Amino acid sequence: MSTLNAEQTRAVEYAGPARHLLVLAGAGTGKTTTIVQRVAHLVRGGTKPERILLLTFSRRAAKEMRGRLAAALGPVTDRLTIGTFHSFCWEVISRIPKTFGVQAATVIDRDDATSLVTLARSERVERSEKDFPKAAQIGDWMSYARNCMLPLADYLAEFTEVPDEWAARVVAIADAYTAKKRERHYIDYDDMLELLVRGLEKSEALRTQMKALYGHILVDEMQDTNPVQWRLLDLLRDPAQLYCVGDDAQSIYAFRGADFRNVHAFRERVADAEVLKLTENYRSTQEILDVSNWLLARSPLQYDKELRAARGRGSKPRLLDFASKFDEAAWLANDLRVRHEAGANWHDHMILVRTAWSAKSIEAALVEADIPYTFIGGTSFLQAAHVKDVLSLLRASLNRLDELAWVRYLTLWPKVGDVKAGKVVRALADAPDASVFDVLMKELRGRDEIAEAVHLATAYAATPSAAIGAVCQNLDSLLSTRYDRWEARKSDLKLLAQLGEKYSSLREFVETFTLDPISNSEAAKSSEEDTVTLITVHSAKGTEAPVCYVAQAQAGLYPHTRSLGDLDREEEERRILYVALTRAQHELILTRAGDESVNIFQFGSTARAVGEGYFLEELPGEIVDVTHMGFGGTKSALDALKDLDDEIGW
DNA sequence: CGCCACTCCTTTTTT
DNA sequence: AGGAGTGGCG
């Protein structure tokens, strides 16, 4: 989109009268273009690039922005500050660590945070108390409360069903977590935002200096901004101008504290602000927007949105019903192959899924059909156990107080368990002046190889790739006995070493990796450009593709069963589906599987839907073509006998 | 103290 | 159907 329409031009060139601006941009209306062109407009108009701060939500979005700005502006892009809220905060904090009391800190990811909560929980909760909230749940509550800047106790009382006597203990566990975190010099994701906000609130000197840095603060996906992030923007704006872009209908991060109603209240919350709208959709054909509009119009919430296609008409979206998710996946793979053989590029196709987990059956089919694909989304898959093993050794070598890393590394070795590892950790903390190597040699007599691997990592601290290479070689035989398919996993470690080449110190590498874990597939993508994209809807926001498959669009996933019983959460699910539908440019294909293999995962959810139980239940035939694909090859009439087996079973 | 076998529970989305 | 947590054994 090289030429802008009148609405876009107005937004890009906006010069007052209000100081701050919110651009409400519907899906496909050129939101990214607008923000990119705005930056270009400012720079060309003489604003120093150093005075511009561009904040995004996801790393993907930050990367995309940087790429598009580089194309528009050239090398001057490097002088802009572009990053996620988290990376921006962390960069500020790491420049002045003493101010925040975080010298020599280690950034921990969600998994590590959960382990720390588990530790704190186990000291306060008997094993027999099976109903007591799990560590992961407690971690979620803590995180949510912090993102909303609410005291945990208030949050629990107001927004959860936790009984008071438990709530007090949950708070005690949270406090213990915080204490452990501090003691071990850990920084979790929420700390990054919280520390900077607190610091700015407390220190007028810091506030004054930071405010002087930027003249323009641009925020992408404003509807996903949660209270801490709002607070940060409040602290940094004036005289800096806010330039926010967002779409209330695409707000899908309520679980992180975002409230889409905030964009409606923009003018009440931000004095001296104006709101502009972008309404013309350039991405999709009218048929695709008809389905999207239909979905949104059925919501009890008022979005006041009707997307119109600037491109005109195309083909009618399709809905295909399958007997099982295996049939569905097999069909997807086959359809992709047919299109590819007809000359289409793999990368023109995107398969959208509600959950990272549900992508598995599709992945299997793609692998079997030998279709190159890139999976984007989910968190747990990114960090394979063996990669974390190696990383734990690197981390331990960098921070002798990094208990989680030490325990993980040490217990890799045979005959070293939690107890022995705990002893070593204590010895390291108790003798801060003794060298790490000496302490290890002393505590683990006769196990020299354990200390040697650490020594190796330390020796190569200045060359991350060499350190990783050496460490992997050293741990090779140990890890090979621990994991099956070791050869396949080993290639991940090679990749890790490769990634290390870009960094000039081990510390820098480990820190960046924790904040920005590159998935195997994403890294592999660079070597193989033309691939099909398999992606979670959450990750897909802001992307598009000519042909989009919205897979597993059945009851139980839209809305997701876990959201049932709370209208706000159910309606968020509608927005998730809306985001999925509006990714398509030319063709939209919905597929769903009707078998119990998908619905099995609804167990335990007794909650019933308050609103629509299933968004596509009444999808009219006029706007989609429905095809029943019936039984595929994987099901035989003889399968009915299987049920007998259990009944007879002698 | 570590290891193994067993059971139970799980699976939303991201920084 | 596989992983995390648990309990008993060597």
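Note that the coordinates shown come from a computational prediction; the quantities given were computed from them, not determined experimentally. Throughout, a chain's letter reflects where its sequence line sits, starting with A, and its residues are numbered from 1.
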Novice: Summarise protein proximity over nucleotides 5-10 of chain C in one line of letters, 5' to 3': B for base, S for sugar-phosphate only, - for none, counting protein heavy atoms closer than 4.0 Å.
Specialist: --S---

Novice: Salt-bridge test for K180(A) and E403(A): reply yes if a basic N is under 4.0 Å from a carboxylate O, no otherwise.
Specialist: no

Novice: Does R110(A) contact dT15(B) through a side-chain donor or acceptor facing the base, at a distance under 3.5 Å?
Specialist: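 Answer is yes: a donor-acceptor pair is held.
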
Novice: Between dT14(B) atom P and R354(A) atom CZ, what is the distance in whole Å?
Specialist: 9 Å

Novice: Give a yes or no on whether a salt bridge exists between D247(A) and K31(A), defined as a side-chain N under 4.0 angstrom from a carboxylate O.
Specialist: no

Novice: How many whole angstroms separate atom CD of E221(A) from atom P of dT14(B)?
Specialist: 14 Å

Novice: What is the distance, rounded to the nearest whole Å, between atom CZ of F88(A) and atom P of dT15(B)?
Specialist: 18 Å

Novice: Using whole Å, report how far CG of D109(A) lies from P of dT14(B).
Specialist: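 Answer to the nearest Å: 14 Å.
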
Novice: Say we look at dT13(B) and dA4(C): how far apart would their C1' atoms be, to the nearest angstrom?
Specialist: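 Per the computed distance, 22 Å lies between those C1' atoms.
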
Novice: Decide if the gap between the ring center of Y144(A) and the ring center of F255(A) is smaller than 6.0 angstrom.
Specialist: no

Novice: Using a cut-off of 4.0 Å on non-hydrogen atoms, how would the nucleic acid contact of R569(A) be classed: base, sugar-phosphate, or nothing?
Specialist: base

Novice: Would the number of heavy atoms belonging to other residues, nucleotides or ligands and lying under 6.0 Å from CG of D418(A) be above 12?
Specialist: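 No - once you tally the heavy atoms of other residues, nucleotides and ligands closer than 6.0 Å, there are 12 at most.
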
Novice: Looking at S143(A), I'd like to know whether one of its side-chain N or O atoms comes within less than 4.0 Å of OP1 or OP2 on dT15(B).
Specialist: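 No, no such contact exists.
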
Novice: Name the pairs: protein N/O against N/O of nucleotides 1-7 of chain B, kept only if under 3.5 Å.
Specialist:
{"residue": "dG2(B)", "atom": "OP1", "partner": "G417(A)", "partner atom": "N", "Å": "2.8"}
{"residue": "dG2(B)", "atom": "OP1", "partner": "K420(A)", "partner atom": "N", "Å": "3.4"}
{"residue": "dG2(B)", "atom": "OP2", "partner": "V419(A)", "partner atom": "N", "Å": "3.4"}
{"residue": "dG2(B)", "atom": "O5'", "partner": "G417(A)", "partner atom": "N", "Å": "3.4"}
{"residue": "dC3(B)", "atom": "OP1", "partner": "K415(A)", "partner atom": "N", "Å": "2.6"}

Novice: Salt-bridged, E511(A) to R507(A), with N to O below 4.0 Å?
Specialist: no

Novice: Rounded to whole angstroms, how far apart are CD on Q554(A) and P on dT12(B)?
Specialist: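 The distance from CD of Q554(A) to P of dT12(B) comes to 16 Å, rounded to the nearest Å.
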
Novice: If I pick the C1' atom on dG5(C) and the same atom on dT12(B), what distance separates them, to the nearest angstrom?
Specialist: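 That atom pair is separated by 23 Å.
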
Novice: Ignoring hydrogens and geometry, is there a side-chain-to-backbone donor-acceptor pair from R395(A) to V510(A) under 3.5 Å?
Specialist: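 Not at all, since once roles are kept as given, no pair shorter than 3.5 Å links the two residues.
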
Novice: Does S539(A) make a side-chain N or O approach to OP1 or OP2 of dT14(B) shorter than 4.0 Å?
Specialist: yes

Novice: From OH of Y253(A) over to P of dT14(B), roughly how many Å is that when rounded to an integer?
Specialist: 6 Å

Novice: Starting at atom CD of Q137(A), determine the distance to atom P of dT12(B), rounded to an integer number of angstrom.
Specialist: 10 Å

Novice: Is it true that R184(A) and D402(A) have a side-chain N and a carboxylate O under 4.0 angstrom from each other?
Specialist: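 Between D402(A) and R184(A) there is no salt bridge, as every charged N stays at least 4.0 Å from the carboxylate O atoms.
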
Novice: Taking atom P of dT13(B) as reference, at what distance in whole Å does atom OH of Y144(A) sit?
Specialist: 18 Å

Novice: Roughly how far apart, to the nearest Å, are dT11(B) and dT6(C) at atom P?
Specialist: 15 Å

Novice: Could you check whether Q223(A) and E221(A), counting side-chain N and O atoms only, form a donor-acceptor pair closer than 3.5 Å?
Specialist: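 Present: a donor and an acceptor within the cut-off.
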
Novice: Considering heavy-atom distances to DNA chain B, does H86(A) or H560(A) have its closest nucleotide positioned more toward the 5' end?
Specialist: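 It is H560(A) whose nearest nucleotide is closer to the 5' end.
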
Novice: Is it true that D191(A) and R146(A) make a salt bridge, defined as a side-chain N closer than 4.0 Å to a carboxylate O?
Specialist: yes

Novice: Any salt bridge between R574(A) and E571(A), counting N to O under 4.0 Å?
Specialist: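 Salt bridge flag = yes for E571(A) with R574(A).
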
Novice: Over all strands shown, is F85(A) touching base, sugar-phosphate only, or nothing at heavy-atom distances under 4.0 angstrom?
Specialist: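 No contact.
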
